[in-house]
Number of protein chains: 2
Amino acid sequence: MSKQTVGLSLIDIDAGASCCVPMSEQSIPAETAAVLAPAFKALGDPVRLQLMSMIASAPGGEICVCDLTPAFDLSGPTISHHLKTLREAGLVDAERRRTWVYYRARPGVMRQLATLLNIQPTTDV
Amino acid sequence: MSKQTVGLSLIDIDAGASCCVPMSEQSIPAETAAVLAPAFKALGDPVRLQLMSMIASAPGGEICVCDLTPAFDLSGPTISHHLKTLREAGLVDAERRRTWVYYRARPGVMRQLATLLNIQPTTDV
DNA sequence: TGTCAACCTAGACGCATGTCTAAGCAGACG
DNA sequence: CGTCTGCTTAGACATGCGTCTAGGTTGACA
């Protein structure tokens, strides 16, 4: 599978994570925003958000596409498209084993997003 | 533009918040996903993510639009449009005082999103 | 080899979104 | 009152995105 080289990708972030201060403490530089926004965007669709939660909460840490698809009133290709979006956002990983494809969450990026959104109660006035 | 009545809005969440378990613990019902996804979507644009961080990290808890606009290579109306999106997502509040309009963060929804994304390290196999 | 099931890719189509310019509204100030 | 500044609204335009159907590709199995 070809992955376009974007200079700094979300996958890289997962490895060398640097951007991990709550946004209430300091504002985000444009480059960081450009890298992280796609992850938020990927979670910005109800179907993908639900898919993500199903994957993240799956017992054993992984779940088969064949268990995801019937949970929605959508065609297989549409679910596949959403899963691809989550994959390209660095939020999930896919692996084929025998007949089925299994998805599992990649906690790295999600943790970064969570840290970013974490707001200190002390900030309140 | 007409706004369709969705039954449960993001503003309501801020008040009666119920959905606050990390998605690694249990999967999100469709209704909750439908309500929260727009907030992620609002953060899914680099400009808005940066705007949000500038607002959230502003000293005194608020910042003037006149301080936000010149930070971008975009027209005033475009920034105004993005701010409206953040407002409608329940992420920020606006208030006009004298000549200027000030924006401040609404921590409620952001905290919910952060909680949702928070992943226990114990989930690993 | 043929066939079936699971999943992805390709391409099309309509609606949403990000951007702009032009025009409007609200205060400040002479 | 007139005008200027700060910000929003309105409308237009190109691009992006969510969905579908049709057609691959991969692996299992008789």
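In what follows, chains are A, B, ... by sequence order, proteins preceding strands, each numbered from 1.
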Quiz prompt | Bend angle of the helix from dT1(C)-dA30(D) to dG30(C)-dC1(D), end axes from five pairs each (to 10°) | solution = 10°

Practice problem: Mind calculating the distance between CG (L49(A)) and P (dG18(D)) to the nearest angstrom? | Solution: 13 Å

Quiz item: Are any of K41(B)'s side-chain N or O atoms less than 4.0 Å away from OP1 or OP2 of dT17(C)?
Solution: yes

Quiz item: Got a salt bridge between D93(B) and R106(B), using NZ or NE/NH1/NH2 to carboxylate O under 4.0 Å?
Solution: yes

Report each atom pair, protein N/O against N/O of nucleotides 3-8 of chain D, whose distance is under 3.5 angstrom.
from   : atom 1 : to      : atom 2 : distance (Å)
dC7(D) : OP1    : C66(B)  : N      : 3.3
dC7(D) : OP2    : C66(B)  : N      : 3.2
dT8(D) : OP1    : Y103(B) : OH     : 3.0
dT8(D) : OP2    : S80(B)  : OG     : 2.8
dT8(D) : O5'    : S80(B)  : OG     : 3.2

Self-check item: Between dA6(C) (P) and K84(A) (NZ): distance, integer Å
Solution: 22 Å

Quiz item: Reckon H82(B) has a side-chain N or O less than 4.0 Å from the OP1 or OP2 of dT17(C)?
Solution: no

Quiz item: Just how far, in rounded Å, is C1' of dC7(C) from OH of Y102(A)?
Solution: 13 Å

Quiz item: Do Y102(A) and F72(A) share a hydrophobic cluster (ILVMFWY, side-chain heavy atoms under 4.5 Å, transitive)?
Solution: no

Practice problem: Would you please confirm or rule out a distance under 4.0 Å between OP1 or OP2 of dG18(C) and any side-chain N or O of R48(B)? | Solution: yes

Quiz item: What heavy-atom pair brings L86(B) and A42(B) nearest, and what distance separates the two atoms?
Solution: CD2-O, 4.1 Å

Quiz item: Could you state the interatomic distance from CG (L117(A)) to OG (S24(A)), rounded to the nearest 0.5 Å?
Solution: 10.0 Å

Quiz prompt | Minimum-distance pair of heavy atoms, taken over all atoms of A56(A) and M23(B) | solution = CB-O, 3.8 Å

Quiz item: Tell me: CG of L86(B) to C1' of dG18(C), nearest whole Å?
Solution: 14 Å

Quiz item: Can you tell if the side chain of N118(A) reaches within under 4.5 Å of the side chain of N118(B), non-hydrogen atoms only?
Solution: yes

Quiz item: V101(B) versus L83(B): any side-chain heavy-atom pair under 4.5 Å?
Solution: no

Quiz item: Starting at CD of E88(A) and ending at P of dC8(C), how long is that distance when rounded to a whole Å?
Solution: 12 Å

Practice problem: Look at S75(B) and dC20(C) and indicate whether a side-chain polar atom (N or O) is within less than 4.0 Å of OP1 or OP2. | Solution: yes

Quiz item: Can you tell me how far CZ of R48(B) sits from CD1 of I55(B), rounded to the nearest 0.5 angstrom?
Solution: 12.0 Å

Self-check item: Least distance between heavy atoms, I119(A) atom then R111(B) atom
Solution: O-NH1, 3.4 Å

Quiz prompt | Distance in angstrom units between I63(A) CD1 and dC7(C) C1', rounded | solution = 15 Å

Quiz prompt | Rounded distance (Å) that lies between atom P of dG16(D) and atom CG of D45(A) | solution = 18 Å

